[in-house]
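Worksheet: one structure, shown below.
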Number of protein chains: 2
Amino acid sequence: MTYCVGLKMERGLVFMSDTRTNAGMDNISTFRKMFTWCDEGETYVTLMTAGNLATTQAVVSLLDERSKAPSERHPAILQMPSMFQIARYVGATLREVIAQSSTTGERAESYFNATLIVGGQVKGSEPRLFLIYPEGNFIEAGDDTPFLQIGEFKYGRPILVRAFDPAMSFEAAVKLLLVSFDSTIKANLSVGLPLDLQIYERDSLRRGIQRRIKAEDSYFRTISSGWGEALKQAFDSLPDLTL
Amino acid sequence: MTYCVGLKMERGLVFMSDTRTNAGMDNISTFRKMFTWCDEGETYVTLMTAGNLATTQAVVSLLDERSKAPSERHPAILQMPSMFQIARYVGATLREVIAQSSTTGERAESYFNATLIVGGQVKGSEPRLFLIYPEGNFIEAGDDTPFLQIGEFKYGRPILVRAFDPAMSFEAAVKLLLVSFDSTIKANLSVGLPLDLQIYERDSLRRGIQRRIKAEDSYFRTISSGWGEALKQAFDSLPDLTL
């Protein structure tokens, strides 16, 4: 599996993804699941992927126009007039790749499925964040649900539900994501380090901070061990039941 | 779905289960999923169930010997010489019920599946705790993994992994379970109040504290709201990343 989270914040967008892929328990690898396209001053788009790796890599290659010679590539994703059009384009590409891989018949439970998060900003409009289903349709993060998750989302969801606030700082948002990812990594072998982080500042229309967080990252280790302690203290601070 | 947890502690065993069942989103009900048999001074057994309700109710009725007249019932489960034999007996009963319900062929993905947690003590031996699979085989909680979960276990697992300690008091264990259940209930509609709680004190060989925790329970409300605050404080206590 995979775990990816996109946050829609007042200050911009924050993306985090893990890098573990597995085909069975005995065949695990590290692959990037976060991809960014940027035409500085015009359009910024980040995509995160969960699901069949052949499908998601094909989608990224098509969006990148890798079927053309490098000099002729002007990714269509960077020429769309709105984030809504970008989401539609990514959704259509995903559906097309899945349809090509799927055998005829038995379409209901495709082994080639994938789910995507796409977020970004086009000059003149607001930053937007979408979750794209294998069928190519999508939902958008809004004020009521300002974050989107794909992959093994259950372990890390309670802390996001409790603590995420779109008004928080980028620094606090990264801390929150690390707590959510650490809880997931501790509970599920199919999600693993290193993590990819991308921060997009509203209206900047350029690549922001990109970072790869490895197992030996000192901040990640501080959060991982500190959270265990902090949780225990939080737990101890609540009153016991009188039996 | 369902959420049930069994804790194997130094002082004894603690069981908690929710009560929500659903056949689709528009057909939800409240059913007990925790059942206790006790022959005071000899044998104590508690069973918790997740999965197809017809299957689990049939298993409980068979264990209860409800096919006999009330006066002739001497549940075999209370006449076994060991907890291991009790787990085997419960497992065999479960497998038998599933086999009877299943259509011939297509056995791999049975709609009649259920998973059980059974724990207790037989005079002269230690308290033991088992998780029984639909196939009738089972695993036992040990020192390395002193708790077992069935049903929608992912949301509430990180806090158990971080904070459960078999040496803690029953009071603290109940608090921990309520935090784990509250996180699950907040994230998943298929797990719901009221909760059933059962505490078995080692070597007592009698029913211990039984309680039904309803939505209006003041302690539950204290934990539910207090945990949100405590988590935020724990989160704030960790250092921010310098971006």
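Order of the sequence lines fixes the chain letters, A, B, ..., with proteins taken first and strands second; residue numbering starts at 1 for each chain.
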Considering distance alone, list the donor-acceptor pairs between chain B and chain A shorter than 3.5 Å.
residue, atom, partner, partner atom, Å
B/Glu152, OE1, A/Lys154, NZ, 3.0
B/Glu152, OE2, A/Lys154, NZ, 3.2
B/Lys154, NZ, A/Glu152, OE1, 3.0
B/Lys154, NZ, A/Glu152, OE2, 3.2
B/Arg162, NH1, A/Ser224, O, 3.1
B/Arg162, NH2, A/Asp182, OD2, 2.5
B/Lys175, NZ, A/Phe235, O, 2.8
B/Lys175, NZ, A/Leu238, O, 2.7
B/Lys175, NZ, A/Asp240, OD1, 3.2
B/Asp182, OD2, A/Arg162, NH2, 2.5
B/Tyr219, OH, A/Pro239, O, 2.7
B/Tyr219, OH, A/Leu241, N, 3.1
B/Ser224, O, A/Arg162, NH1, 3.1
B/Phe235, O, A/Lys175, NZ, 2.8
B/Leu238, O, A/Lys175, NZ, 2.7
B/Pro239, O, A/Tyr219, OH, 2.7
B/Asp240, OD1, A/Lys175, NZ, 3.2
B/Leu241, N, A/Tyr219, OH, 3.1

Honestly, the part of A/Val174 sitting under 4.5 Å from a heavy atom of chain B is side chain

CG (A/Leu241) and CG (B/Leu177) are apart, to the nearest 0.5 Å, by 11.0 Å

Okay, A/Phe153 and chain B: the region with an atom under 4.5 Å from a heavy atom over there is side chain

Per-residue tally against chain A (heavy atom, under 4.5 Å) across B/Gly156, B/Ala163, B/Ala187, B/Pro239 peaks at B/Pro239

Tightest non-hydrogen contact, residues B/Ala230 and A/Ala234, listed as O-CB, 3.6 Å

**Prompt:** Does the side chain to side chain contact (heavy atoms under 4.5 Å, CB included) test come out yes or no for A/Leu238 and B/Val179, once each step is laid out?
**Reply:** CA-CA 10 Å; A/Leu238 294 178; B/Val179 168; 4.3 Å; yes

Turns out that what part of A/Leu176 lies under 4.5 Å from chain B's heavy atoms comes down to both

Whatever's closer than 4.5 Å to a heavy atom in chain B on A/Leu231 counts as both

